[in-house]
Amino acid sequence: MDGLLRRVELRTPTTARVRHLIIRPREAKGLTEADLPRVHGLGAKLEEEFPAGVSLDAVAAWASEAMRRYPEVMVVLIREEEFGADVLGEAFSQPEGAWGPGRLTRIPTMTQGVELERWDRFFVVERRPGRLRPLREVQAEIERYLGDGARDRELGILKERLWKKGAVRVLHGVS
């Protein structure tokens, strides 16, 4: 296994630590097509009112006030998340320490095929560049991964042998 490990590299992708603001309808259940212009309009209004250049505490106060004024809209502030460029998209390239522009996302629901809108805004706290992790840092993780794969293969072979011998039965409803 040691020879195999010498040829393994583990690359950590570039990520960003962010604060995430979501403006969405409070509840999808019971919404109809007729409700959408009102709910989407409230979301758009809140998006326009958003105080982009203020502190996290001021944004939290604004979110609480917005939900009090418009109970059918939910404003969620997630204080700490980490995403890669594949999820953040253009927000990944915005400057650190500032709220980026809102991004409108359509969310299909199970309720009568109604499609909701949600606004996402990101505050990039810091970017973390991707890097090649040294073997000594990841060796235990790689060995565990390779060991799990070998164990799973062996268990599969054992199950197949037992199945062929008729020593294994599937009992439905038993966990």
Let me have the donor-acceptor pairs involving side chains of residues 149-158, under 3.5 Å, with sequence neighbours excluded, atom names and distances please.
| residue | atom | partner | partner atom | Å |
| --- | --- | --- | --- | --- |
| Arg151 | NH1 | Asp148 | OD1 | 3.2 |
| Arg153 | NH1 | Gly149 | O | 3.3 |

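The distance from atom CG of Leu21 to atom CG of Asp120, rounded to the nearest 0.5 Å, is 8.5 Å. Atom CZ of residue Arg118 and atom CD1 of residue Ile22 lie 4.5 Å apart, to the nearest 0.5 angstrom.
Side-chain N or O atoms of Glu65 include none that pairs as donor or acceptor with a backbone N or O of Arg69 at under 3.5 Å. Side-chain atoms of Gln94 come within 3.5 Å of backbone atoms of Phe122 as a donor-acceptor pair (strictly under, hydrogens ignored). In this structure, Arg121 contributes its side chain and Gly100 its backbone to a donor-acceptor pair below 3.5 Å.
Residue pairs meeting the ring pair (Phe, Tyr, Trp, His ring centres under 6.0 Å) criterion with at least one member in residues 124-143: none, sequence neighbours excluded.
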Residue pair Val73, Ile23: steps toward the side-chain contact (heavy atoms from CB on, under 4.5 Å) verdict: CA-CA 7 Å; Val73 176; Ile23 302 171; 3.7 Å; yes

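Evaluated for a side-chain hydrogen bond (donor to acceptor under 3.5 Å, both in side chains) with Thr15, the options Glu81, Glu82, Glu126 yield exactly one hit, Glu82.
The minimum heavy-atom distance between Val75 and Ala63, with the atom names listed, is CG1-CB, 3.4 Å. Here the closest heavy-atom approach between residue Ala16 and residue Val124 is recorded as CB-CG1, 4.3 Å. Minimum interatomic distance between Asp57 and Arg79 (heavy atoms only, all atoms of both residues): OD1-NH1, 4.4 Å.
The existence of a salt bridge linking Glu96 and Arg17 is excluded, since no basic side-chain nitrogen approaches an acidic carboxylate oxygen closer than 4.0 Å.
Residues that satisfy the ring pair (Phe, Tyr, Trp, His ring centres under 6.0 Å) test with Trp99, not counting sequence neighbours, are Phe50, Phe123.
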